[in-house]
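Got a structure here, written out as structure tokens. Questions coming.
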Amino acid sequence: QVHLVESGGGLVQAGGSLRLSCTASGAIFNINSMGWYRQAPGKQRELVKTITGGVTPNYADSVKGRFTISIDNAKNTVYLQMNSLKPDDTAVYYCNANVVSIQGVTYRALEVWGRGTLVTVSS
């Protein structure tokens, strides 16, 4: 099984910064994409940023260039650097990955979600 473990959430003042980390582990043959979503109370889960093939990141207009995604391929870890945080950024942030998993000689395409890490931005 493939697992995603997130860290880096917490409480920060408006205008501050946080860096989230997500590490994928398990029977992974290839990672096609990794990224971040978020869900605020009473709202739909939305895309924040994803990165595909370590080349071109995808992003949501709502973050307006304040967030940067990066990946360490050797560690199977994706980071989300969040700067100039606003109270509206308060949400549970979920790591997401699309991977090819291997079990024996069987390859499977899987979408995997982390459990989420809470980011709270106070004014």
- Item | Student check: side-chain heavy atoms of I31 and N76 closer than 4.5 Å |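 Yes - at least one pair of side-chain heavy atoms lies under 4.5 Å apart.
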- Roughly how far, to the nearest 0.5 Å, is the CH2 atom of W36 from the CG atom of L20?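 Reported value, rounded in 0.5 Å steps: 4.5 Å.
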- Query: Which atoms form the tightest heavy-atom contact between S84 and R66, and what is the distance?
  - Reply: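 S84 and R66 have their closest heavy atoms at O-NH1, 3.0 Å.
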- Message: Side-chain heavy atoms nearer than 4.5 Å, only ILVMFWY residues, links allowed to pass through others: does that put V12 and V48 together?
- Response: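 Linked, V12 and V48 end up in one cluster.
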- Is Y79 reachable from V112 through a run of hydrophobic residues whose side-chain heavy atoms are each under 4.5 Å from the next?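 They do not share one cluster, since no chain of ILVMFWY contacts under 4.5 Å joins V112 to Y79.
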- Task: Carefully, step by step, assess E111 and N96 under the rule side-chain contact (heavy atoms from CB on, under 4.5 Å).
- Result: CA-CA 7 Å; E111 184 179 50; N96 172 269; 3.4 Å; yes
- Who pairs with S17 by side-chain contact (heavy atoms from CB on, under 4.5 Å), at least two apart in sequence or on another chain?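 Checked S17 against side-chain contact (heavy atoms from CB on, under 4.5 Å); matches are Q81, N83.
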- Message: Would a single hydrophobic cluster contain both V78 and V100, if residues Ile, Leu, Val, Met, Phe, Trp and Tyr are joined by side-chain heavy-atom contacts under 4.5 Å?
- Response: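 The answer is no; the residues belong to distinct hydrophobic clusters.
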- Message: side-chain contact (heavy atoms from CB on, under 4.5 Å), that's the test. Do I71 and I69 meet it? Break it down for me.
- Response: CA-CA 7 Å; I71 189 166; I69 192 169; over 6 Å; no
- Task: Output yes when a side-chain donor or acceptor of Q1 lies under 3.5 Å from a complementary backbone atom of G26, and no otherwise.
- Result: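 Judged by distance alone, no pair lies under 3.5 Å.
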- Task: Kindly compute the distance separating CZ (R19) from OG (S7), expressed to the nearest 0.5 Å.
- Result: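 The distance works out to 8.5 Å.
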- Item | Heavy-atom pair with the smallest gap, counting every atom of M82 and Y93 |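 The answer is SD-CE2, 3.9 Å.
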- Task: Evaluate the ring planes of F29 and Y107, with Trp represented by its six-membered ring, and classify them as parallel (under 30°), tilted (30 to 60°) or perpendicular (over 60°).
- Result: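 F29 and Y107: perpendicular rings.
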- Query: Do V5 and L18 share a hydrophobic cluster, counting only Ile, Leu, Val, Met, Phe, Trp and Tyr and linking them when any side-chain heavy atoms are less than 4.5 Å apart?
  - Reply: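 V5 does not cluster with L18.
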Which atom pairs, one a donor and one an acceptor, fall under 3.5 Å between side chains of residues 39-47 and the rest of the protein, sequence neighbours left out?
{"residue": "Q39", "atom": "NE2", "partner": "K43", "partner atom": "O", "Å": "3.1"}
{"residue": "E46", "atom": "OE2", "partner": "R38", "partner atom": "NE", "Å": "2.8"}
{"residue": "E46", "atom": "OE2", "partner": "R38", "partner atom": "NH2", "Å": "3.3"}

- Item | CG-OG1 distance between L85 and T90, expressed to the nearest 0.5 angstrom |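 Separation between the atoms: 8.5 Å.
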- Message: Nearest 0.5 angstrom please: C95 SG to H3 NE2, how far?
- Response: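 One gets 13.5 Å once the value is rounded to the nearest 0.5 Å.
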- Query: Does A27 offer a backbone N or O that forms a donor-acceptor pair with the side chain of S101 under 3.5 Å?
  - Reply: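 Such a contact is found between S101 side chain and A27 backbone.
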- Message: Using only atom types and a distance under 3.5 Å, with no angle test, would you say the side chain of T23 pairs donor to acceptor with the backbone of T77?
- Response: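 Here the side-chain-to-backbone pair does not exist.
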- Message: Please give me the minimum heavy-atom distance between L4 and A24, naming the atom from each residue.
- Response: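 In terms of heavy atoms, the two residues are closest at CD2-CB, 3.5 Å.
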- Task: Measure the spacing between CG of D72 and CE of M34 and express it to the nearest 0.5 Å.
- Result: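 Result: 10.5 Å between the selected atoms.
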- Query: Backbone N or O of G9 within a donor-acceptor pair of the T117 side chain at under 3.5 Å?
  - Reply: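 Answer holds: yes.
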- Counting heavy atoms not belonging to Q103, are there more than 12 under 6.0 Å from its CD?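 Open.
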